[in-house]
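Just below is one structure, and these are the notes that go with it.
Every chain is numbered from 1 and lettered A, B, ... according to where its sequence line falls, protein lines coming before strand lines. Only this structure's heavy atoms are used, side chains among them; waters, hydrogens and symmetry mates stay out. Please read all numbers here as calculations on a predicted model, not as lab measurements.
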4 protein chains.
Amino acid sequence: VRRYVAVVGPAEANDEELALAREVGGLLAAAGCIVLTGGLGGVMAAAAQGADAAGGTAVGLLPGPDRREAAEHLAVAIPTGLGQARNALVVGSADGVIAIGGSWGTLSEVALAARTGRPVVSIGGWWVQDTRGVRLDMLAADGAAEAVRLLLGRLESVP
Amino acid sequence: VRRYVAVVGPAEANDEELALAREVGGLLAAAGCIVLTGGLGGVMAAAAQGADAAGGTAVGLLPGPDRREAAEHLAVAIPTGLGQARNALVVGSADGVIAIGGSWGTLSEVALAARTGRPVVSIGGWWVQDTRGVRLDMLAADGAAEAVRLLLGRLESVP
Amino acid sequence: VRRYVAVVGPAEANDEELALAREVGGLLAAAGCIVLTGGLGGVMAAAAQGADAAGGTAVGLLPGPDRREAAEHLAVAIPTGLGQARNALVVGSADGVIAIGGSWGTLSEVALAARTGRPVVSIGGWWVQDTRGVRLDMLAADGAAEAVRLLLGRLESVP
Amino acid sequence: VRRYVAVVGPAEANDEELALAREVGGLLAAAGCIVLTGGLGGVMAAAAQGADAAGGTAVGLLPGPDRREAAEHLAVAIPTGLGQARNALVVGSADGVIAIGGSWGTLSEVALAARTGRPVVSIGGWWVQDTRGVRLDMLAADGAAEAVRLLLGRLESVP
């Protein structure tokens with residue numbers, strides 16, 4: 001069984017986040033996973049680039065209706081035309097999620113993953129707690145290798 | 001122009017949250033707003049009940065395909081059949097959002113609202129900050145009346 | 001139990017189709033049904049106008065993300081932002097469908113209704129048969145009153 | 001530029017339709033196209049099988065939320081969780097459509113393709129005309145090779 005892992009993060013990312021995304025994409029591809037992204041730039045494009053360079057398959061699910069807006073390095077680009085509702089497809093098509101950096105769009109994807117019981121590993125990104133002071137369950141990783149290792153470990157126990 | 005306000009919150013809510021949701025729904029209806037919800041129980045059902053009791057219109061956008069899963073007190077119940085992607089419709093159909101209590105589904109809606117530039121007021125609920133320590137922009141209110149007042153104030157400046 | 005009936009038809013309609021749509025909207029409202037439409041002009045707007053004039057509730061599910069594109073006379077306008085995927089919501093939210101006139105968009109809705117077992121009545125519109133010569137099941141009506149009568153008759157036997 | 005072609009048809013298909021679908025999938029893959037399907041059985045599965053056997057890439061967009069319902073031979077399977085609204089994604093992700101055999105679901109996809117200006121070639125399947133007697137524009141092909149040749153010819157003139 002091939003695993004599908006979504007790599008989510010902002011379209012506007014800094015150099016450190018882009019390097020992390022490329023590394024995560026490459027490590028996931030090397031582990032035999034299909035890499036899912038939102039199909040646009042920044043962290044999404046870098047993850048696809050990393051997967052592609054490692055000989056893997058990157059799939060982009062775009063919010064708009066036009067494939068020409070897709071980032072390079074995607075083996076398959078699906079222009080969903082669903083707007084922000086496509087975030088639910090990126091997450092719902094994945095067995096697990098790795099979040100790199102933070103943005104509101106990214107947070108919506110992390111929250112949907114948690115909502116639907118999918119494991120999420122965050123590199124940087126978000127600190128979320130409720131008003132009773134309980135930090136909610138999101139694995140934190142210090143780098144790309146740890147993030148991939150943590151996530152794949154969690155996926156092993158999923159049927 | 002009639003305003004549409006989404007009231008979002010968990011299906012499993014405590015008595016305080018339910019009372020807040022009823023009050024918010026009633027105040028929004030009294031102010032002439034249409035109250036949008038996710039169409040199920042808990043905070044969603046209580047907001048619809050409050051709007052209905054005040055003579056207003058509550059609209060539910062359900063995740064499943066079957067209208068019989070809708071809460072009572074909805075003037076209109078739309079079984080979207082979109083699963084969690086319906087969260088984007090609840091937010092995208094609203095001019096602004098009031099969040100009561102916290103859950104991952106609620107957080108996804110708050111994040112989508114912020115992502116798309118819609119004002120959000122939170123009663124209780126979430127504390128979200130990024131790793132650089134910056135709390136992100138979400139108005140906090142102490143009760144129902146303040147939440148409605150804050151949100152409607154923000155909507156006045158929206159065309 | 002309140003019935004939801006979708007009235008589907010082209011945005012570019014002739015005077016006869018518009019008059020039929022207004023009459024159908026009014027008759028459905030008088031029978032206590034909520035009238036669902038795609039929220040735009042032509043047959044959609046005329047059905048909403050007829051429902052509204054009869055004191056009923058018309059709901060529009062728009063393809064775009066902007067409520068300002070909604071037709072008048074809608075009690076509730078939901079900008080789904082789903083593009084043509086909203087056709088599935090119009091049909092999926094309805095207990096039955098009345099089609100007035102023909103267009104490819106209308107045909108997609110009629111086909112989705114048949115696909116999901118919802119009764120469809122067509123006034124004018126389409127003649128569809130497969131290559132083996134079998135005309136497929138779509139009730140045909142000569143006018144607004146017959147269409148509403150036929151559809152409500154079929155809905156009576158649906159739980 | 002790689003072309004994406006949707007092969008649509010019923011999940012319950014006869015042997016002739018399945019053979020046609022395999023051949024169409026293979027010819028499209030040989031021509032360098034990505035083959036899109038609805039991800040389930042019958043014509044969808046056969047088209048994927050043909051593409052895969054020819055060394056191509058078949059992508060399935062499933063209506064349900066569970067990848068385990070996907071047919072074999074798909075390089076990428078996306079469980080959209082959108083129900084029948086996924087038909088709009090199958091079509092909207094394609095540059096053109098080949099329909100094999102007929103069903104209401106297939107007809108909804110053919111209609112959506114025509115609605116959005118995408119070329120459609122039909123093998124067998126539907127005869128659609130409006131009440132004024134005008135048959136609507138759908139290219140008909142006698143076999144797999146002619147269908148692929150006709151569609152790719154139409155796509156050459158699309159930017």
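- No other option in B:Gly92, B:Ser108, B:Ala113, B:Ala88 has as many heavy-atom pairs under 4.5 Å with chain A as B:Ser108.
- Under a cut-off of 6.0 angstrom, the local environment of CD in B:Glu16 is sparse, with at most 12 non-hydrogen atoms contributed by other residues, nucleotides or ligands.
- Highest contact tally toward chain A, considering only B:Gln84, B:Glu109, B:Arg86, is held by B:Gln84 [criterion: heavy-atom pairs under 4.5 Å].
- Other residues, nucleotides and ligands contribute at most 12 non-hydrogen atoms within 6.0 Å of the CD atom of A:Glu12.
- Interatomic distance, CG of A:Asn87 versus CZ of B:Arg115, reported as 7.5 Å (0.5 Å rounding).
- Interatomic distance, B:Leu112 CG to A:Leu112 CG, rounded to the nearest 0.5 Å: 6.5 Å.
- Counting heavy-atom neighbours within 6.0 Å of B:Asp66 CG, excluding the residue itself, gives a total above 12.
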